[in-house]
Amino acid sequence: MAIRLYNSLSGEKEVFKPLEPGVVKMYSCGPTVYNYFHIGNARAFVVFDMVRRYLRYRGYQVKFVQNFTDVDDKLIKRANELETTVDQVAGQYIDAYFSDASALGIEQADVHPRVTETMNDIISFVSGLIDAGYAYVAEGDVLFDTSKFQGYGKLSKQSLAELQTGSRIEVTDLKQNATDFTLWKTAKPGEPWWDSPWGRGRPGWHIECSAMIHKHLGEHIDIHGGGHDLLFPHHENEIAQSEALLGEPLARYFMHNGYININNEKMSKSLGNSIFVHELVKRYDSRALRLFLLSAQYRSPINYSDEVMGQMVAAIRRIDSCCDSLSAKMEMLYLPEGTPFDSSKWEERLVEAMDDDMNTGDAIGILFDFVRDSNSYLHEGNIDREGLHDRYEKLKSWLQLFGLEKKSSEFPEEDVTKMIEERAQARIGRDFAKADAIRAKLLERGIHLEDTAQGVRWWRE
RNA sequence: GGCGCCAUAGCCAAGUGGUAAGGCCAAGGUCUGCAAAACCUUCAUUCCCCGGUUCGAAUCCGGGUGGCGCCUCCA
């Protein structure tokens with residue numbers, strides 16, 4: 001069985017075969033750190049985190065790089081608004097990225113390069129393009145000459161002629177063709193700058209990724225990812241830069257995730273409906289948000305709403321409940337040892353779903369099938385230690401694969417424990433009025449109690 | 001104008017030629033001091049519409065209709 005991935009280059013699902021057997025080099029476009037990231041950004045981060053986890057799950061050694069754009073127009077604008085420096089703004093939102101991403105179960109990449117730390121490599125990349133005849137200098141700016149690169153448009157499947165006629169790109173006097181794009185930009189007064197052979201300035205947007213990929217992963221990589229909106233022009237331009245200088249291919253597979261709508265509307269600044277993960281993780285169990293982001297296959301558009309989030313919270317509770325029940329039963333004394341549980345059929349189903357272009361919608365369906373099956377097993381009562389253990393381990397390994405494992409940081413507060421104990425005593429004395437009063441009191445604080453054969457279980461909303 | 005995507009129940013979502021997974025919601029039942037959780041049962045004769053191919057189509061082909069994205073910073 002082989003993994004198949006939809007490759008934006010071909011527009012088809014292709015059998016995944018890395019350049020070097022067993023090793024995957026992967027790059028995904030990270031955030032411009034001028035603000036907290038919103039759920040649209042989050043989808044891309046979660047999707048490629050999931051891709052990375054699954055490739056590892058299937059035995060690949062994955063080297064994953066995701067950048068931070070820490071100098072650009074938006075950052076400069078933001079720094080001016082706040083009357084502070086670009087460095088300060090970038091630093092603040094990089095910290096915020098790591099904390100919000102971690103809440104979403106997104107693992108850190110192997111390298112998180114920053115533009116400001118890659119300046120020498122960017123400058124020599126641009127120099128190389130000029131020397132090779134693919135770029136020209138115009139009044140301190142450096143531009144890529146799209147007419148010189150034969151493959152321009154192969155990712156977006158646009159011909160140069162069409163792009164130029166339909167173009168809304170700002171045509172300046174500096175550009176030889178409307179589709180030419182900036183590699184290096186002269187600094188205006190008050191803007192951050194770096195010395196270069198073309199004067200003081202800073203990199204254009206696209207060049208950083210080409211330079212970073214080259215620096216950290218080499219001349220060719222296996223997977224390049226990002227949101228669908230990056231397909232053109234960003235990734236098209238990266239291909240042009242990298243392949244002009246280094247030869248084909250920049251990446252063997254380009255993967256693009258779909259959009260998120262908010263209440264069936266496009267999320268956009270002008271509608272003022274952007275939703276930031278930084279705020280959302282305060283309202284919901286962050287695993288519910290991650291589950292939402294993985295609930296559909298990554299290329300489908302998904303729609304965010306409070307109703308859907310409510311469904312996700314319920315779904316997470318169903319998983320936790322199954323996990324808790326399995327582990328609670330294992331604590332029982334006098335369990336027969338039994339025989340190992342054969343989970344290979346389940347595993348086959350999951351792998352088949354995920355191998356098919358990371359079909360998390362299907363895979364999560366299978367996860368819930370397994371939850372139901374495990375609950376039935378528990379319900380029948382004919383349980384044994386091996387059966388419980390093996391099911392528990394299977395469930396755990398799947399939750400880890402999806403990044404949905406429960407964090408064990410929730411310790412009961414002392415007074416909660418005390419009240420639960422008090423209620424247990426009341427129940428033993430058959431003082432149900434008192435027991436129910438305590439339960440109601442805890443519920444007001446969002447704490448739900450469940451009486452089980454193994455004692456009281458509780459969870460927080 | 002060019003390139004591309006999508007349409008499956010109240011909500012979400014799998015299913016790409018063999019007769020509709022799964023989750024949430026809802027109804028009935030079992031269990032429970034009562035709840036909750038869990039389990040069992042029920043919940044789309046039907047997959048936007050119209051043609052066609054086929055023994056057979058949600059799935060393939062043609063034509064509609066309705067949404068959407070990119071071509072400008074953008075996940």
Side-chain angles (χ1 to χ4, degrees), chain A residues 8 11 28-32 37-48 72-74 77 153 155-159 161-170 179 205 225-234 236 256-261 264 266-269 274 291-293 295-303 305 307-322 324-325 349 353 356 359-372 374-381 427 430-433 435-436 439-440 443 448-453 456-459:
Chain A
S8 300
S28 142
C29 293
T32 301
F37 64 87
H38 55 66
I39 56 175
N41 299 307
R43 187 177 194 192
F45 304 150
V46 166
V47 160
F48 293 104
D72 92 319
D73 292 350
K74 291 193 288 286
K77 188 167 167 251
L155 180 64
S156 54
K157 292 163 185 64
Q158 295 277 352
S159 69
E162 285 299 342
L163 278 167
Q164 294 192 8
T165 52
S167 176
R168 285 183 283 174
I169 304 167
E170 183 189 3
T179 46
W205 173 39
H228 197 264
D229 50 339
L230 293 181
L231 193 144
F232 189 90
H234 187 54
E236 191 73 63
H256 297 281
N257 61 275
Y259 283 92
I260 294 185
N261 292 324
N264 295 310
K266 180 180 174 165
M267 177 168 66
S268 73
K269 260 188 201 157
S274 296
L291 181 64
F292 163 68
L293 294 170
S295 63
Q297 207 271 350
Y298 71 89
R299 284 185 290 123
S300 319
I302 51 176
N303 185 47
S305 67
E307 186 187 0
V308 167
M309 280 307 293
Q311 293 177 7
M312 295 303 149
V313 169
I316 286 289
R317 211 162 68 223
R318 184 169 168 81
I319 294 171
D320 285 348
S321 169
C322 180
D324 289 347
S325 297
R349 284 181 66 194
D356 182 15
N359 194 337
T360 49
D362 198 5
I364 286 167
I366 293 162
L367 172 73
F368 278 101
D369 256 353
F370 184 69
V371 165
R372 174 192 289 281
S374 299
N375 279 329
S376 294
Y377 170 74
L378 286 163
H379 187 76
E380 278 163 20
R427 289 184 73 219
R430 302 195 70 76
D431 184 355
F432 294 121
D436 289 351
R439 183 168 63 192
L443 187 60
H448 296 244
L449 299 187
E450 292 169 15
D451 299 317
T452 76
V456 182
R457 188 189 294 169
W458 69 277
W459 55 273

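Here is how names work: the chains are called A, B, and so on, in the same order as the sequence lines, proteins then strands, and each is numbered from 1. Values below: all heavy atoms of this structure, side chains included; hydrogens, waters and symmetry mates excluded.
Taking only side-chain atoms of A:Ala315, from C-beta outward, the nucleotide of B:G23, B:A21, B:A37 with the closest atom is B:G23. When distances are taken from the side chain of A:Glu307 to each of B:C11, B:A75, B:G15, the shortest belongs to B:C11. Out of B:A14, B:C73, B:C24, the shortest distance to the side chain of A:Lys74 is found at B:C73. The A:Glu450 side chain lies nearest to B:A36 when the options are B:C73, B:A36, B:A38. Checking B:G22, B:A38, B:C12 against the side-chain heavy atoms of A:Asp369 singles out B:G22 as nearest. Out of B:C12, B:C24, B:C3, the shortest distance to the side chain of A:Gln158 is found at B:C3.
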Test A:Leu291 against A:Ile316 for side-chain contact (heavy atoms from CB on, under 4.5 Å), laying out the working first.
CA-CA 8 Å; A:Leu291 181 64; A:Ile316 286 289; 4.1 Å; yes
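At a threshold of 4.0 angstrom between heavy atoms, the contacts of A:Gly258 include nucleobase atoms, whether or not backbone atoms are also involved. Counting any heavy atom pair closer than 4.0 Å across all strands shown, A:His38 reaches a base atom. Residue-level contact check: A:Gly226 touches the backbone only, with heavy atoms under 4.0 Å from sugar-phosphate atoms and none from bases. Backbone-only contact: A:Leu230 has heavy atoms under 4.0 Å from sugar-phosphate atoms and none from a base. If you check every strand for non-hydrogen atoms under 4.0 Å, A:Glu380 touches nothing. If you check every strand for non-hydrogen atoms under 4.0 Å, A:Ile260 touches a base.
Between the P atom of B:C5 and the NE2 atom of A:His228 lies a distance of 9 Å, rounded to the nearest Å. Rounded to an integer number of Å, the gap from A:Asn261 CG to B:C68 P is 9 Å. A straight line from CG of A:Leu449 to P of B:A36 spans 13 Å, rounded to a whole angstrom. In this structure, A:Asn303 atom CG and B:G23 atom P are separated by 22 Å, rounded to whole Å. A:Phe292 has its CZ atom 16 Å from the P atom of B:C11, to the nearest Å. Summarising the geometry, the separation between CG on A:Leu155 and C1' on B:G69 is reported as 15 Å, rounded to the nearest angstrom. For the pair A:Asp229 CG and B:C68 C1', the computed distance is 14 Å after rounding to whole Å. Rounded to an integer number of Å, the gap from CH2 of A:Trp459 to P of B:A38 is 10 Å.
The residues A:Arg439 and A:Asp436 are annotated as salt-bridged, a charged nitrogen and a carboxylate oxygen being separated by less than 4.0 angstrom. Remark: A:Asp369 engages A:Arg349 in a salt bridge, criterion side-chain N to carboxylate O under 4.0 Å. Under 4.0 Å is where a charged nitrogen must lie from a carboxylate oxygen, and between A:Arg427 and A:Asp451 at least one such pair does.
Taking atom P on both B:A58 and B:C71, the two are 38 Å apart, rounded to the nearest angstrom. Comparing the P positions of B:U8 and B:U46 gives a spacing of 16 Å, expressed to the nearest Å. As rounded to the nearest Å, B:G23 and B:A37 have P atoms that lie 15 Å from one another. Taking atom P on both B:C43 and B:G52, the two are 33 Å apart, rounded to the nearest angstrom. For the C1' atom pair drawn from B:C24 and B:C31, the interatomic distance equals 23 Å after rounding to whole Å. B:G18 and B:C25 have their P atoms separated by 33 Å, given to the nearest Å.
When both distances must be under 3.5 Å, the Watson-Crick or G-U wobble mate of B:C60 is B:G52. Under the Watson-Crick or G-U wobble criterion, with both distances below 3.5 Å, B:A14 has no partner in any strand shown.
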Quick one: which protein N/O atoms are closer than 3.5 Å to N/O atoms of nucleotides 39-43 of chain B? Pair and distance per line, please.
| unit_1 | atom_1 | unit_2 | atom_2 | d |
| --- | --- | --- | --- | --- |
| B:C39 | OP1 | A:Arg318 | NH2 | 3.3 |
| B:C39 | OP1 | A:Asn375 | ND2 | 3.3 |
| B:C39 | OP2 | A:Arg318 | NH1 | 3.4 |
| B:C39 | O3' | A:Ser376 | OG | 3.4 |
| B:C40 | OP1 | A:Ser376 | OG | 3.4 |
| B:C40 | OP2 | A:Arg372 | NH1 | 3.0 |

Polar atoms only, N or O, under 3.5 Å: list the protein pairs with nucleotides 31-34 of chain B and their distances.
| unit_1 | atom_1 | unit_2 | atom_2 | d |
| --- | --- | --- | --- | --- |
| B:G33 | N7 | A:Arg427 | NH2 | 3.4 |
| B:G33 | O6 | A:Arg427 | NE | 3.2 |
| B:G33 | N1 | A:Asp436 | OD1 | 3.0 |
| B:G33 | N2 | A:Asp436 | OD2 | 2.7 |
| B:C34 | O2 | A:Arg439 | NH2 | 2.5 |
| B:C34 | N3 | A:Arg439 | NH1 | 3.0 |
| B:C34 | N3 | A:Arg439 | NH2 | 3.4 |
| B:C34 | N4 | A:Asp451 | OD2 | 2.9 |

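Side-chain contact of A:Asn261 with A:Asn303: a donor-acceptor pair under 3.5 Å is absent, judged by distance alone.
Of the possible polar contacts, none joining the A:Asp356 side chain to the A:Asn359 backbone as a donor-acceptor pair under 3.5 Å is found.
A:Gln311 contributes a side-chain N or O that forms a donor-acceptor pair with the base of B:C11 under 3.5 Å.
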